[in-house]
Amino acid sequence: MWNLPRAARAAAIAATRRVCVVPDRSGQLRWLKTWKQHHYVLARRVTPQTQTAQSQRSTSTVVSPFRHQQALPVAQSSDAGSQGAQLPVTAGSPTVFALSTGHGKAGVAVIRISGDKAFSALQALLQPCTPLPKPRMASLCKLYDPTTQHLLDFALVLCFAQPASFTGENVVELHVHGGTAVVSSVLKALGALDSLQPAEAGEFTKRAFWNNKLDLTQVEGLADLISAETEAQHKQAIRQMNGEASSLYEEWRIRLLKSIGHIEAYIDFGDDENIETDVVDVVLKQLKDLRHDIARHLNDWKSGERVRNGVTAAIIGKPDVGKSSLLNYLCRNDVAIVAAGPGTTRDVISVHADIGGYPVVFQDTAGMREGDHVGTVEQEGVLRAKRAASHADLCICVQDSTQQLCSRIGGNDTCLCQQQSVMPALTVINKLDLLASTVKNGPTLDRGVFSVSMRTREGLDALHEAIAAQLKSLCESATGDHPVAVRARHQVHLQQCVDAIDEALEYGQEGMPVHCAEALRHGLHTFGHIVGRIHTEDILDVVFGDFCIGK
């Protein structure tokens, strides 16, 4: 069709008004194109081989790291028990097993088996005359050692036929008693079977990813869900695992794809009467809107990272003002040594805590002071304290009410944190119990300044509430109505997409549609990296390496 004049090509497509396959100039790949209401839309790219497959049942091809290291198509299953189901991408890979619950004594332990031989492995643990449980129905079964035929345990057994399982493969779950000897004996019996091998860290989730049960952002959400320790972390992880981030990125990908389609249409049929003259202007406006949405999303990514890793809160101040005592109070534990003399803390002590449902990493720092009397070790501690304050999300400056206060809050002293251009979000005036009652009942303190007594616990409740409010403010975007980017790699790829759109806008405004389309294709490529449609092994190794054995 490329041999036909432009007008003839456009007329042929407009006349059919249906999906048609048009070979490109190289003849090696083809563009699947549609024509609807005189708008040319690029739908997706296909090869001559997949064109033939379109007339049959739709198939997908995923590059698999398992076994053959080649593209494995998702095809129809020939198993009698799985009529209408599709063979997983990982078909032919070794069947794996692992303990999916925590180690140690427990009421129940779950051992998972996944792969082509999962059901035959279960049959080997049962008596020869015992039928397999029906899929998705719990059955009480006696498990026997296949070598000695000794009774191992009474287990609740669940079978999941592919593809309706977590991994997309045939899966068996053995709910056995959680004693160490019971779990060990069942794992040993499974390991003795030739068709099984122990699972690696994250292998069950990796197989779910390869079999399109989860995309990469959902995999990361699952890892965060397992690691969640606070309410905010739980909410963020469950939203990401539920696919909210994936849906947002897919929406942006489709918008970008349509823009590419219209630019490509303008390139191929720009001289024809069926293409509006302002198509490029419309696309550029749509790209500006898309760029605005992605940029706003990027501005909130820090809050998602704070929820995932914890807000860093540095406790700073001069020596012997009560910094370590405040840390112990906030963490509800004696994590730092408290002594009467100054200079007890010489290094940065980091402690994770949960304040108001938000994760925070408190950092107790060395007292900030200078002079000839400060030794080499203490000087290093002061340098580390300044460094911690400059990198913290939240600074809490502690001062002694019996000493000169900082000029920032009405005193005559100059706090070293001011010299570092660090503006504390909260200032704590400690040792309130040592002041006379007339001083205690003095003027109301400025907002963000709290008078407390670590000895009598006076004023600490108000300080606790203020810290919780600060944490909520820092994490508010991540707990709002819209998903946020929670990992650095998301931020990197989204920034690359913004850069590609900026480049495309420049080319479009300069009347260079071919270069504009090429820049947009690069931007489209970045979305594939985020959700895992386009990936490299090193990225996957990092993602799945966060999982434990059995997940």
[X] atom [atom1], over 12 foreign heavy atoms within 6.0 Å:
X	atom1	result
Glu229	CD	no
His175	NE2	yes
Glu231	CD	no

Taking [X] for its side chain and [Y] for its backbone only, find out whether a donor-acceptor pair lies under 3.5 Å.
X	Y	value
Thr526	Gly523	yes
Asn328	Ala336	yes
Thr230	Tyr358	no
Asn211	Thr167	yes
Glu250	Ser246	no
Gln123	Thr130	yes
Asp215	Thr217	yes
Ser165	Asn170	no
Lys213	Pro163	yes
Ser185	Ala181	yes

Side-chain contact test, heavy atoms from C-beta onward, threshold under 4.5 Å: evaluate it for [X] versus [Y] and give yes or no.
X	Y	value
Leu290	Ser259	no
Ser350	Phe362	no
Arg136	Phe160	yes
Arg387	Val348	no
Val172	Ile111	no
Gln496	His525	no
Val360	Leu330	no
Leu190	Leu125	yes

Under the side-chain hydrogen bond (donor to acceptor under 3.5 Å, both in side chains) test, residues paired with [X] that sit two or more places apart:
X	value
Gln286	none
Asp347	Arg384
Asp499	Gln495

Heavy-atom pair of closest approach, residues [X] and [Y]:
X	Y	value
Cys475	Arg306	SG-CB, 4.2 Å
Leu187	Leu99	CD2-N, 4.3 Å
Val219	Phe209	CG2-CB, 4.1 Å
Ala124	Leu193	CB-CD2, 4.0 Å
Leu287	Leu520	CD2-CD2, 3.7 Å
Asp364	Ser324	OD2-OG, 2.6 Å

task = Test Leu174 against Asp153 for side chain to side chain contact (heavy atoms under 4.5 Å, CB included), laying out the working first.
result = CA-CA 10 Å; Leu174 306 176; Asp153 195 19; over 6 Å; no
ask   = Could you go step by step and tell me if Met241 and Ile226 meet the side chain to side chain contact (heavy atoms under 4.5 Å, CB included) rule?
value = CA-CA 11 Å; Met241 187 182 172; Ile226 295 173; over 6 Å; no
To the nearest 0.5 Å, what is the distance between [atom1] ([X]) and [atom2] ([Y])?
X	Y	atom1	atom2	answer
Glu244	Gln218	CD	CD	10.5 Å
Leu327	Ile315	CG	CD1	5.0 Å
Asn299	Ile294	CG	CD1	12.0 Å
Leu394	Thr312	CG	OG1	9.5 Å
Leu214	Lys206	CG	NZ	14.0 Å
Arg489	Leu494	CZ	CG	9.5 Å

Thr95 and Ser195: side chain donor to acceptor below 3.5 Å =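 Short answer, no.
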key: Pairing residues for Ile238 by the side-chain contact (heavy atoms from CB on, under 4.5 Å) criterion, not counting sequence neighbours   =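 Checked Ile238 against side-chain contact (heavy atoms from CB on, under 4.5 Å); matches are Leu225.
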task = Considering only NZ, NE, NH1 and NH2 on the basic side and carboxylate oxygens on the acidic side, decide whether Glu305 and Lys302 come within less than 4.0 Å.
result =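 A salt bridge is present here (some side-chain N lies under 4.0 Å from a carboxylate O).
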query = Quick one: do Asp293 and Arg255 make a salt bridge, cutoff under 4.0 Å?
reply =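 Salt bridge: yes.
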task = Would you please name every residue forming a ring pair (Phe, Tyr, Trp, His ring centres under 6.0 Å) with His490, sequence neighbours left out?
result =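 Scan of His490 (ring pair (Phe, Tyr, Trp, His ring centres under 6.0 Å), adjacent residues dropped) gives none.
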task = Starting from the C-alpha separation in whole Å, work towards a yes-or-no answer on side chain to side chain contact (heavy atoms under 4.5 Å, CB included) for Leu126 and Leu143.
result = CA-CA 6 Å; Leu126 304 176; Leu143 303 183; 4.0 Å; yes
message = Ring-plane angle category for His493 and His529, please: parallel below 30°, perpendicular beyond 60°, tilted otherwise.
response =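 Because their plane-to-plane angle is under 30°, the rings of His493 and His529 count as parallel.
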inquiry  = Would Cys141 and Leu122 count as a side chain to side chain contact (heavy atoms under 4.5 Å, CB included) here? Give the steps.
reply    = CA-CA 10 Å; Cys141 301; Leu122 172 61; over 6 Å; no
ask   = Restricting to pairs with a member in residues 170-194, which pass salt bridge (Lys or Arg N to Asp or Glu O under 4.0 Å), not counting sequence neighbours?
value =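 Salt bridge (Lys or Arg N to Asp or Glu O under 4.0 Å) check on residues 170-194 returns Arg112-Glu173.
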